[in-house]
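Counting begins at 1 with the first residue of the sequence. Just the heavy atoms: all of them, side chains too, but no hydrogens, waters or symmetry mates, feed the values below.
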Amino acid sequence: MTQESLNDLLGGRRGAIEASLPPLAFGLGWALSGRSNLAGVIAALAVGAAVAIWRFSRGHRPMAVVISLFGVCLAALVVLRTGHAADFFLLQLVSNAASALAWLVSIAIRWPLLGVVVGLALGQKTRWRRDPALVRAYGWGSVVWVLQYVVRVAVFLPLYAADKVLALTATRVALTWPLVAACVAVSWWVVRRALPADHPGLRNPVPA
């Protein structure tokens, strides 16, 4: 398996870019309208709906599309409820903190989420867990993903506390595809380095 195929399994560039479009639309709509929360929300919902329609037309999984659009709608509701523009990014902040914790716990219980995701994508279900070398390699690779979420929280939190909406918008875009790309590359390198030299690869688990 190549690094590019691992990137595809974990969502790919297109998914990361699509996820950054509604927050970008909110920030631009908010700024260009003279800091109107309603204008930002309308822009985000319009772009979110357009992305959802495009993804449906491309045959993406309906549940994934609905969940993505639901996240945009929930962020919009939070802003309209609180009246604070920065709260559009609150869901992102909380989800990254929760993701960091979930990935960390998965490593601790020897069910590293990187292995779960790749195993499902390859149709292996849980066969990879019979291979101690793969479990260990996926564990180290999952550490990279934990660090990715920690970096986002560390950057988002002070900006959110300072109510820096435009900085949050720019950071949301900058820490989407570029950070995901770096995370995929590094985690792939870590997994490969953690496997024994004679291991047949991710597609071929070797039972203990």
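- Counting all heavy atoms, side chain and backbone alike, Leu69 lies closest to Ala49 at CD1-N, 3.9 Å.
- Judged by distance alone, the side chains of Ser187 and Trp145 do bring a donor and an acceptor atom under 3.5 Å apart.
- Every pair tested for side-chain hydrogen bond (donor to acceptor under 3.5 Å, both in side chains) that includes a residue from residues 112-127 fails, sequence neighbours excluded, so the list is empty.
- Nearest approach of Leu168 to Phe156, heavy atoms of both residues: CD2-O, 3.8 Å.
- Side-chain contact check for Arg152 versus Tyr149: some heavy-atom pair is nearer than 4.5 Å.
- Looking at heavy atoms from C-beta onward, Lys164 lies out of side-chain contact with Thr171 at the 4.5 angstrom threshold.
- There is a path of hydrophobic side-chain contacts, each under 4.5 Å, that joins Leu202 to Val116.
- Side-chain contact between Asn96 and Gln148 is absent, with no heavy atoms from C-beta onward closer than 4.5 Å.
- No donor-acceptor pair under 3.5 Å is formed between the side chain of Arg130 and the backbone N or O of Pro205.
- One N or O on the side chain of Ser142 and one on the backbone of Leu114 form a donor-acceptor pair closer than 3.5 Å.
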Between side-chain atoms of residues 24-34 and protein atoms elsewhere (two or more places apart, or another chain), which donor-acceptor pairs fall under 3.5 Å?
{"residue": "Trp30", "atom": "NE1", "partner": "Asn37", "partner atom": "OD1", "Å": "3.4"}
{"residue": "Ser33", "atom": "OG", "partner": "Gly29", "partner atom": "O", "Å": "2.7"}
{"residue": "Ser33", "atom": "OG", "partner": "Trp30", "partner atom": "O", "Å": "3.2"}
{"residue": "Ser33", "atom": "OG", "partner": "Ser36", "partner atom": "N", "Å": "3.3"}

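- In the hydrophobic clustering, where aliphatic and aromatic side chains (Ile, Leu, Val, Met, Phe, Trp, Tyr) are joined below 4.5 Å either directly or transitively, Leu91 groups with Phe70, Leu74.
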